[in-house]
2 protein chains.
Amino acid sequence: MQKRTLETRARLIAVATALVAENGYGALRTDEVVKRAGVAKGTFFSHFKDKDALMDLLIGAGIDAHLDQLAKAPPPETVEELVALQAPLLHFMTQERYVFDVILRLSGAAAVAEIGAIATTFGRYLDLTVHWFESGKYRSDISAELQADGMQAFVTQAMALHFCALHEDQSMEARLTVYLRAWLCPGS
Amino acid sequence: MQKRTLETRARLIAVATALVAENGYGALRTDEVVKRAGVAKGTFFSHFKDKDALMDLLIGAGIDAHLDQLAKAPPPETVEELVALQAPLLHFMTQERYVFDVILRLSGAAAVAEIGAIATTFGRYLDLTVHWFESGKYRSDISAELQADGMQAFVTQAMALHFCALHEDQSMEARLTVYLRAWLCPGS
DNA sequence: TCCAATAATTGACTGCGGTCATTTAATTGA
DNA sequence: TCAATTAAATGACCGCAGTCAATTATTGGA
C-alpha cells in the first residue's frame, strides 16, 4: 500500500465528515465528496466498496465514541440508570431515519469476512452490557449473555417505534424503561 | 376514478406478482413491470408513489395470508407451540434479505396518513398475539399488550440475527424459543 | 538510472428509480 | 352531438450509485 493511498483515503473521509456535519448523513452524495476531495468518481469506489462502506466508517466511529462513554461509567444498578446511560447512544442512532436504516442494515455482517465498523461496535456493545449483567443485580434465572441480547432486542424495538407515527405518545426512554423493567425485573 | 385506472393498476400488480414468482422480490425492476404491462414508466408512478409502495402491497398480501393461518389456529399454549405457529411467517419474512429490509422499513408508518399494507399487517399481528396472551397462560405480572410487544421485539431480533454470519450456529426457531422462554416464562 | 511490474487514478458510461410538461382519452353539461 | 373540463397515460429526461477499460504514478530489481 502506497502513502498516496492513505492520503487519498484520509482526504475522502475528512471531506465526508465535513459534509455530514454540514447537511447530515442522508444528504451525503458521493459526487460531492469526490468533487471536494478533488478526485475522480472511480477513486472513491476503489477506496470504499460502496457508499454504505463509507457510512459504516462514519457512523461506526460515532457509535464507538458513545460506547467509550458507556465503558467509563460504573455498571448501572437500576433500570432507570440503564436507560439513562444508554440514552445518548440511542439518540445518536436515531438522529436521522437514514442513519437508523444504515445501522440496521450493517449491524449484522452477512459474511464473517465483511464485518465492518458498525457490526464491530455491536459486538463491543454486547460485551459491555454482558459485563453489566454479570454482577447479578438483575435476573439470575438466565445468563448475562441472554439478558444483554434481550436488552438489545428491546433497544432496537424502542428505536424502531420512535419512527412510527402510531407510537409517538411515549418517548424512546419511557418505552425502553417499561420494556427493561419487564425483561430484567419480572414479577416485581 | 375511471374503469381504465383499475384495469391498469390490476395489470401492473398482476405482472409484478408474476415477475416476483419468477425471480424473487429483490430482482424486480420497474422497467420490466411497465414493459410487460405495456404501459409507460410514468404510468407506474402515477399508480404507486414509488417502488416501495408496490412492494408494500405484494409483501403485505403475503404477510396477511400467513396471519390468516395464525388467526385460524387455537391460541398456542406453550412457547414451543408459539414458535412453531409463527415459523412459516418468519420464513416468509426472511426469504430474502431484500424482503426483510423492506418490511423493517415499512412496518412502522412515518405518518398516520401513509399507513400501508405492511404497517397494517403489523397492527393486525399485534392484535392477534395480544389475544393469545389474554388467556393468562403466560405472564401475569405484565399486560398482554406488553407481552405481545416484547414478543415482536424478539421475533425481529431472531430474524435479524438470521442474516448475521456470526450467529449461524442456531436456527431462527431455536433462538426464538430461548428468547420467548426467558420472556414469557421467567424463573422457570 | 532505466525498465518492467504493480498499484492507484481517471472519467465516460451503465442501470435504475423517479419526475414532469405534454398528449391522449374519458366525462360532463349544454 | 359537440365543446369544455377533468383524468390518465406518455416518454424523454434527471439524479445518483456504481463499473471498467484506459491512463498515470510508484516501486523494486538489474
Side-chain angles (χ1 to χ4, degrees), chain A residues 1-17 19-20 22-59 96-99 101-102 104-106 110 114 116 118, chain B residues 1-17 19-20 22-59 96-99 101-102 104-106 110 114 116 118:
Chain A
M1 179 168 297
Q2 307 178 355
K3 195 178 71 177
R4 187 172 48 147
T5 311
L6 295 174
E7 287 168 355
T8 305
R9 188 186 161 88
R11 202 159 67 252
L12 285 170
I13 293 173
V15 166
T17 305
L19 284 170
V20 165
E22 285 172 34
N23 313 311
Y25 291 91
L28 192 79
R29 297 287 170 267
T30 57
D31 278 325
E32 213 175 334
V33 174
V34 299
K35 200 177 117 196
R36 272 218 210 173
V39 300
K41 194 74 170 287
T43 302
F44 180 97
F45 290 98
S46 73
H47 282 270
F48 304 102
K49 185 181 155 291
D50 50 27
K51 196 181 159 183
D52 268 3
L54 171 64
M55 285 302 170
D56 188 50
L57 269 188
L58 301 184
I59 296 173
E96 288 178 39
R97 176 72 214 228
Y98 173 76
V99 171
D101 282 347
V102 171
L104 280 186
R105 201 153 1 102
L106 304 182
E114 47 186 61
I118 291 177
Chain B
M1 177 165 298
Q2 308 177 353
K3 196 177 73 179
R4 186 173 48 145
T5 311
L6 296 173
E7 288 168 356
T8 305
R9 188 185 160 88
R11 200 158 70 251
L12 284 170
I13 294 174
V15 166
T17 304
L19 284 170
V20 165
E22 284 172 34
N23 313 310
Y25 291 91
L28 191 80
R29 297 288 168 266
T30 57
D31 279 326
E32 214 175 334
V33 174
V34 299
K35 200 177 117 196
R36 272 219 211 172
V39 299
K41 193 78 168 284
T43 302
F44 180 97
F45 290 97
S46 74
H47 283 269
F48 305 103
K49 188 183 151 287
D50 50 27
K51 194 182 160 183
D52 268 3
L54 171 62
M55 285 301 170
D56 189 49
L57 269 189
L58 301 184
I59 297 173
E96 288 178 38
R97 176 73 215 227
Y98 173 77
V99 170
D101 283 346
V102 171
L104 281 187
R105 202 157 356 104
L106 303 182
E114 47 186 63
I118 291 177

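We name chains A, B, ... by the order of the sequence lines, and we start the count at 1 in each one. Computed from heavy atoms alone, side chains included, the values below leave out hydrogens, waters and symmetry copies. Computed from a predicted model, the values in this text were never measured in an experiment.
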Is the shortest heavy-atom distance from the side chain of [X] to the side chain of [Y] under 4.5 Å?
{"X": "Leu104(B)", "Y": "Asp101(A)", "value": "no"}
{"X": "Val102(B)", "Y": "Arg105(B)", "value": "yes"}
{"X": "Leu28(B)", "Y": "Val33(B)", "value": "yes"}
{"X": "Phe45(B)", "Y": "Thr30(B)", "value": "yes"}
{"X": "His47(B)", "Y": "Thr5(B)", "value": "yes"}
{"X": "Leu57(A)", "Y": "Ile118(A)", "value": "no"}

Protein-nucleotide distance ([X], atom [atom1]; [N], atom [atom2]), rounded to Å:
{"X": "Arg29(B)", "N": "dG15(C)", "atom1": "CZ", "atom2": "P", "answer": "11 Å"}
{"X": "Lys41(B)", "N": "dA21(C)", "atom1": "NZ", "atom2": "C1'", "answer": "17 Å"}
{"X": "Leu28(B)", "N": "dG17(C)", "atom1": "CG", "atom2": "P", "answer": "8 Å"}
{"X": "Lys35(B)", "N": "dG11(D)", "atom1": "NZ", "atom2": "P", "answer": "15 Å"}

Pairing partner (Watson-Crick or G-U wobble, both distances under 3.5 angstrom) of dA30(C):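 When the pairing criteria are applied, dT1(D) turns out to be the nucleotide that pairs with dA30(C).
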Exam field: side chain Glu96(B) to backbone Tyr25(B), donor-acceptor pair closer than 3.5 Å: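 Judged by distance alone, yes, a pair lies under 3.5 Å.
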Main-chain N/O of Ile13(A) paired to Thr17(A) side chain as donor or acceptor, under 3.5 Å: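 Yes, because the side chain of Thr17(A) sits within donor-acceptor range (under 3.5 Å) of the backbone of Ile13(A).
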Listed pairs, N/O of protein and of nucleotides 22-27 of chain D, under 3.5 Å:
none

Sugar-phosphate only, base, or nothing, as touched by Leu6(A) at under 4.0 Å among non-hydrogen atoms: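 No contact.
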Sugar-phosphate only, base, or nothing, as touched by Leu54(B) at under 4.0 Å among non-hydrogen atoms: nothing
Electrostatic pair Arg36(A):Glu22(A) at N-O distance under 4.0 angstrom: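 Looking at Glu22(A) together with Arg36(A), the answer is yes, because their closest N to O distance falls below 4.0 Å.
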Minimum-distance nucleotide (side-chain atoms of Ala40(A) versus dT10(C), dT10(D), dA8(D)): dT10(C)
Phosphate OP1/OP2 of dC16(C) contacted by Thr30(B) side-chain N/O (<4.0 Å):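 No, because none of the side-chain N or O atoms of Thr30(B) sits under 4.0 Å from OP1 or OP2 of dC16(C).
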Phosphate contact (dT9(C) OP1 or OP2) by Thr8(A) side-chain N/O below 4.0 Å: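 So the side chain of Thr8(A) is within the cut-off, an N or O lying under 4.0 Å from OP1 or OP2 of dT9(C).
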Neighbours of DNA chain C within residues 43-53 of chain B, by heavy-atom distance under 4.0 Å: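 Heavy-atom contacts with DNA chain C come from Phe45(B), Asp50(B), Lys51(B).
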